[in-house]
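Numbers for residues simply follow the sequence, beginning at 1. One-based numbering, in listed order, for ligands and for the atoms of each.
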Amino acid sequence: MEPTIAQIFENVIKGDRSGVEENVQKAVEAGLPAQEILNGGLIAAMSEVGARFEQGDFFVPEMLIAARAMQAGLGVLKPKLVEQGVKAASKVVIGTVKGDLHDIGKNLVAMMLEGAGFEIVDLGTDVPPEKFLAAVNEHNPSLLGMSALLTTTMANMKTTIATLEEGGVRDKVKVIIGGAPVTESYAQQIGADGYAADASRAVTLAKSLETA
Ligand code: B1M
């Protein structure tokens, strides 16, 4: 691997934010293609972080710190990606459902997806079904992600899917859901396309649905 890109890879895994920014800048100044810096450095590192999380070598804090370092590098790289016409894998609209203010897990999922090359439209927390529908119409995403941390707000995932159906866009978007009280069987029950137990598995799921 090109040495500066190898350095970016290591910096992200260690969560060394300033190291990532510095080396992405260095790689850009050295004339390395933005796509190579993105795929070989930032995305490859986040995929390794996901693998370590699934193996139990990394926990949520390490994953969060790495994701933030990746985002810092992406901030430096973004103008070059735009300039060089590099397109994101697919677009994901994501939010925490109506009545629910928990966003730590949702943010982590969004950051890991971004680290995997997806473009993220984050609607934040307490998102009513109509806002999800409006975002699907406006952004035309491949995937819609919903997070819920309360047993009382989980039901709003079902309401949102019904709203997408009423709005005539349900078949245009794959719906993925997650959050502590959410289960695979609940996802099936409400007609979601997939469920992920954590941020790393959300990336695997999103990739599988994107190509489905
Ligand atoms: Co709240 N809270 N909280 N809380 N809170 C819980 C969820 C609770 C289990 C605590 C408890 O009682 N033991 C409980 C829910 C009980 C229930 O419904 N069964 C609870 C409650 C009751 C409440 C309030 C009602 C308390 C009150 O005011 N009486 C209130 C509700 C406010 C509201 O939302 N309307 C409330 C408020 C809060 C704070 C604001 C103080 C704060 C949130 C801060 C924030 O998010 N900005 C908070 C917190 C921090 C928690 C706990 C302690 C931690 C949640 C968290 O961030 N976990 C939580 C107890 C717990 O879980 N131990 C609790 C870390 C995070 C990385 O994990 O969010 O599970 P998680 O996300 C994971 C996976 O679930 C998955 O991937 C993530 C990363 O691996 N995932 C997805 C999540 N979304 C996904 C989406 C996907 C795929 C995967 O696809 C799209």
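Contact annotation for atom 79 (C) of ligand 1: protein present (non-hydrogen atoms, distance under 4.0 Å).
When heavy-atom distances to ligand 1 are checked against a 4.0 Å cut-off, Asp198 comes that close through both its backbone and its side chain. Of the heavy atoms in Met146, only backbone atoms (N, CA, C, O) come closer than 4.0 Å to ligand 1.
Within ligand 1, the atoms closer than 4.0 Å to a non-hydrogen atom of Asp100 are 34 (O), numbered from 1 in the order shown. Set against the non-hydrogen atoms of Asp103, the atoms of ligand 1 under 4.0 Å away are 45 (C), 46 (O), 47 (N). Those atoms of ligand 1 that come under 4.0 Å of a heavy atom in Gly145, given as number and element, are 91 (C). Each of the atoms 79 (C) of ligand 1 lies under 4.0 Å from some heavy atom of Leu108. For ligand 1, the atoms sitting less than 4.0 Å from at least one non-hydrogen atom of Ala180 are 70 (O), 75 (O), numbered in the order shown with element in parentheses. Listed by atom number, the atoms of ligand 1 under 4.0 Å from Gly179 heavy atoms are 75 (O), 81 (N), 82 (C), 83 (C), 84 (N), 85 (C).
Side chains of Val203 and Leu113 form a contact here, defined as non-hydrogen atoms less than 4.5 Å apart.
In this structure, Asp193 contributes its side chain and Ile176 its backbone to no donor-acceptor pair below 3.5 Å. Although no hydrogens or angles enter the test, the distance criterion places no donor-acceptor pair under 3.5 Å between the side chain of Lys80 and the main chain of Val28.
Note that CE of Met63 and CE of Met70 are 11.5 Å apart. Values are rounded to the nearest 0.5 Å. Between the OG1 atom in Thr4 and the CG atom in Asn23 there is a gap of 6.5 Å [rounded to 0.5 Å]. We find the CD1-CG distance between Ile8 and Asp16 to be 11.5 Å, quoted to the nearest 0.5 Å. In this structure, the separation between CD1 on Ile5 and NZ on Lys26 is 12.5 Å, given to the nearest 0.5 Å.
Atom 14 (C) of ligand 1 has its closest protein heavy atom at Leu150 CD2, 4.2 Å. Scanning all protein heavy atoms for the shortest distance to atom 34 (O) of ligand 1 gives Leu101 N, 2.6 Å. Atom 71 (P) of ligand 1 has as its closest protein heavy atom Gly105 CA, 4.0 Å. Protein heavy atom nearest atom 89 (C) of ligand 1, with residue, atom name and distance: Ala196 O, 3.3 Å. The nearest protein atom to atom 50 (C) of ligand 1, hydrogens excluded, is given as Ile104 CD1, 4.2 Å; this is a heavy-atom distance. What sits closest to atom 9 (C) of ligand 1 on the protein, heavy atoms only, is Leu149 O, 4.9 Å. The shortest contact between atom 84 (N) of ligand 1 and any protein heavy atom is with Ser147 OG, 2.7 Å. Of all protein heavy atoms, the one lying nearest to atom 17 (C) of ligand 1 is Thr151 OG1, 3.7 Å.
Within the structure, ligand 1 has Ala197 among the residues with a heavy atom less than 4.0 angstrom away. Residue contacts with ligand 1 include Ala199, since one or more of its heavy atoms lies under 4.0 Å from the ligand. Residue Ile177 places a heavy atom less than 4.0 Å from ligand 1.
Of the candidates Gly178, Gly194, Ala206, Pro181, Gly178 brings a heavy atom nearest to atom 86 (C) of ligand 1. Of all the listed residues (Thr96, Ile94, Thr152, Val60), Val60 holds the heavy atom that lies closest to atom 67 (C) of ligand 1.
More than 12 heavy atoms of other residues, nucleotides or ligands shown are found within 6.0 angstrom of NZ on Lys91.
Considering backbone and side-chain atoms together, Gly99 places an N or O closer than 3.5 Å to an N or O of ligand 1. At under 3.5 Å, a nitrogen or oxygen of His102, whether backbone or side chain, sits near a nitrogen or oxygen of ligand 1.
Residues Leu32 and Val12 fall within the same hydrophobic cluster, defined by Ile, Leu, Val, Met, Phe, Trp and Tyr side chains chained together at heavy-atom separations under 4.5 Å.
Checking Val97, Asn156, Thr160 one by one against Pro129, the side chain to side chain contact (heavy atoms under 4.5 Å, CB included) holds for a single residue, Thr160.
Counted by atom type alone, Glu29 and Gln25 present one or more donor-acceptor pairs between their side chains at under 3.5 Å. In this structure, a donor-acceptor pair under 3.5 Å is present between the side chains of Gln71 and Glu114.
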Steps toward side-chain contact (heavy atoms from CB on, under 4.5 Å) verdict (Lys106, Asp122)
CA-CA 9 Å; Lys106 183 266 295 168; Asp122 189 346; 3.0 Å; yes

Applying side-chain contact (heavy atoms from CB on, under 4.5 Å), run through Asn11 and Glu22 and close with a yes or a no.
CA-CA 10 Å; Asn11 291 147; Glu22 223 170 85; over 6 Å; no

